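Just so we're clear, the structure is a prediction, and the values are computed from it rather than from any experiment. First the proteins, then the strands, lettered A, B, ... as listed; each starts at 1.
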Number of protein chains: 2
Amino acid sequence: MTDKTGFVAVKPVRAYEAIVEQIEQAIATRQLNPGDRLPSERDLMGTFAVSRATVREALRVLESGGLVRSRPGDPRGPEILQASPATLHKAMNRLVRSGTIKLSELVEFRVMLEGASCTLAAEHRTPEQLEEMRAAVEAMESSIAGGSAVFSQADVDFHATVWEASHNQLMQICGDAARGALVDLVNDRIDSAPDSGAQMKLSLAHDYEIFNAIEAQDGARAGQLARTFVIEYYGEMIEHGDRNGLALLGVPSE
Amino acid sequence: MTDKTGFVAVKPVRAYEAIVEQIEQAIATRQLNPGDRLPSERDLMGTFAVSRATVREALRVLESGGLVRSRPGDPRGPEILQASPATLHKAMNRLVRSGTIKLSELVEFRVMLEGASCTLAAEHRTPEQLEEMRAAVEAMESSIAGGSAVFSQADVDFHATVWEASHNQLMQICGDAARGALVDLVNDRIDSAPDSGAQMKLSLAHDYEIFNAIEAQDGARAGQLARTFVIEYYGEMIEHGDRNGLALLGVPSE
DNA sequence: CCGAAACAACTGGTCTGACCAGTACACTTG
DNA sequence: CAAGTGTACTGGTCAGACCAGTTGTTTCGG
């Protein structure tokens, strides 16, 4: 693999990349913390010995990565930001929409996530979160005759609360990203047919069952329900050849 | 929430952002496809009616998002890239390393991922992939007396192959990111104590069992094994208050 | 004495125009 | 026709300039 000299391939490092690297490192090692301020661009060009254009290019990529924020006129300079899931969200969306990821993979991913988060939510939910879920389910029920827009909003609220109640941000983020990507894909595919009445009733019934399991703190059942429901919902959109993995995930042990 | 006029808050859009937006859109809608070329920066400044510095800032954020690549001297202009998981990978790493995510969450996430990917791998693995896994496990076995570096490399290889065999890139990416973040965290915590001999033997035994289940195409068992092993491995590093969720995930349905 | 308006000194956003070191491709030349 | 040479581009960087916006201070009017 590698030569005995230990030499490795190099690629030219552009000035702005080196700057990005340094600042990224400083943030990663906590030398710079959220709320801290970077020196002004004009100062930075001094400390890095480059032109302002180069400093700015570096700041732009940091900004696009959600690490800093520049505001014109602010004499305190660019602000170091708290890490946020926004860029992860965007990256996942892009990847899915690019077609690199198959629908079946996305559904498998979501089945797993949804199942696990329901299991965890049953265990970790606070009473307030339980009430939020109840409210969301009731909102679904009462809006079932009305517009499908407010219905699906309530549906989303319910699942969002479940994710929150799982107390696992990673699942929350990934689940949300997967959900968003999934509805995008499905909307593209079926020309955004609005939820039919029958479908709405089904969704409501599903969510209601899950809610009951979470209320009863039956994590295993909540997870199992969530998995089967997601599979049921998306299963038929998946090409037959890609369905076998899904079936397996539905019933993880025996 | 919103006024009856439908007015919404605005925030100033900087010129380079508008350019990024347009190009991103063109890629998302397949007007630009991987392999296609953007006009040169000098042309772009004409079509967008901005200076080259602005065009360049836009290209830098596109480039940092993995959407395009610029090479000096290439007369065909910046290239549209195939979407790659790299930026997702980076985003997840950043999020995890920022400390926004607790260790217990990370472990829960990985338990779930590892379990699911083993289940899927048991179903989807090709004969070649099975052989790769066998080779990796055997490499672990033979290197157990030698350095711990080559041992853990073989260990990583084994799990990488499993992910690949799951034929689910999303899990592969997320799993890899979670694994990387996890070893980082653990290394920080225990001053990178190298694997002891006993630990190596344990890991080997675990991987071997998983391998057998995958070979036998017993997805449920492979997943179950993977979950329990990950829990066993990381469980005691987690604060007691955060362990209950883990236990639940270990045995999803009774 | 105090509040409000004007100011000054910064900030980031953008532009112009320039130079260099690469690359690709056509054009010579043997 | 092959091999070497040129040239016209490319992106990477720099310098210096202007504008619009923010902030903190200073001044001025009550």
| message | Donor-acceptor check, side chain of B/His167 to backbone of B/Ala165, threshold 3.5 angstrom: yes or no? | response | yes
| field | Distance-only side-chain donor-acceptor flag, B/Asp157 / B/Gln153, under 3.5 Å | value | yes
| Within the side chain of A/Arg37, is there an N or O that forms a donor-acceptor pair under 3.5 Å with the backbone of A/Gly77? | yes
| request: Classify the side-chain pair A/Glu57/A/Thr54 by whether it contains a donor and acceptor separated by less than 3.5 Å. | output: no
Output one line per pair: protein atom, nucleotide atom from nucleotides 4-6 of chain C, and distance, for all N/O pairs under 3.5 Å.
none

| said: Nearest whole Å is fine: how far is C/dT14 C1' from B/Glu57 CD? | reply: 8 Å
| Short question: side chain of A/Arg110, backbone of A/Ala178 - any donor-acceptor pair under 3.5 Å? | no
| message | If only side-chain N and O atoms count, and only distance matters, is there a donor-acceptor pair under 3.5 Å linking A/Thr161 with A/Glu164? | response | no
| request: Choose from C/dA24, C/dA18, C/dT14 the nucleotide whose nearest atom is closest to any side-chain atom of B/Arg52. | output: C/dA18
| Test item: A/Asp74 side-chain N/O and A/Arg71 main-chain N/O as donor-acceptor pair under 3.5 Å | no
| remark: Contacted region of DNA chain D by chain B, from 5' end to 3' end of the hits, cut-off under 4.0 Å to heavy atoms, spans D/dT10 to D/dT13
| message | If you take any heavy atom closer than 4.0 Å to DNA chain D, which residues from residues 34-49 of chain B end up in contact? | response | B/Ser40, B/Glu41, B/Arg42
| field | Side chain to side chain, A/Ser117 and A/Leu120, heavy atoms closer than 4.5 Å | value | no
| Any donor and acceptor pair, going by atom type alone, linking the side chain of B/Asp176 with main-chain N or O of B/Ile173 inside 3.5 Å? | no
| query | Hey, which of these two, A/Gly73 or B/Pro72, hits DNA chain D nearer its 5' end, going by closest nucleotide? | reply | B/Pro72
| message | It should be established whether A/Arg56 places a side-chain nitrogen or oxygen under 4.0 Å from OP1 or OP2 of nucleotide C/dG13. | response | yes
| task | Using a 4.0 Å heavy-atom cut-off across all strands, classify A/Arg71 as base, sugar-phosphate, or nothing. | result | sugar-phosphate
| query | Between A/Ser70 and C/dT11, is there a side-chain N or O to OP1/OP2 distance below 4.0 Å? | reply | no
| Residues B/Glu63, B/Arg69: salt bridge by 4.0 Å N-O rule | no
| message | On DNA chain D, compare the nucleotides closest to B/Pro78 and A/Asp74; which residue's is nearer the 5' end? | response | B/Pro78
| Phosphate OP1/OP2 of C/dG13 contacted by A/Arg60 side-chain N/O (<4.0 Å) | yes
| query | How many Å lie between OH on B/Tyr16 and P on C/dC15, as a whole number? | reply | 13 Å
| Would a distance-only check, ignoring hydrogens and angles, find a side-chain to backbone donor-acceptor pair under 3.5 Å from A/Glu105 to B/Gln169? | yes
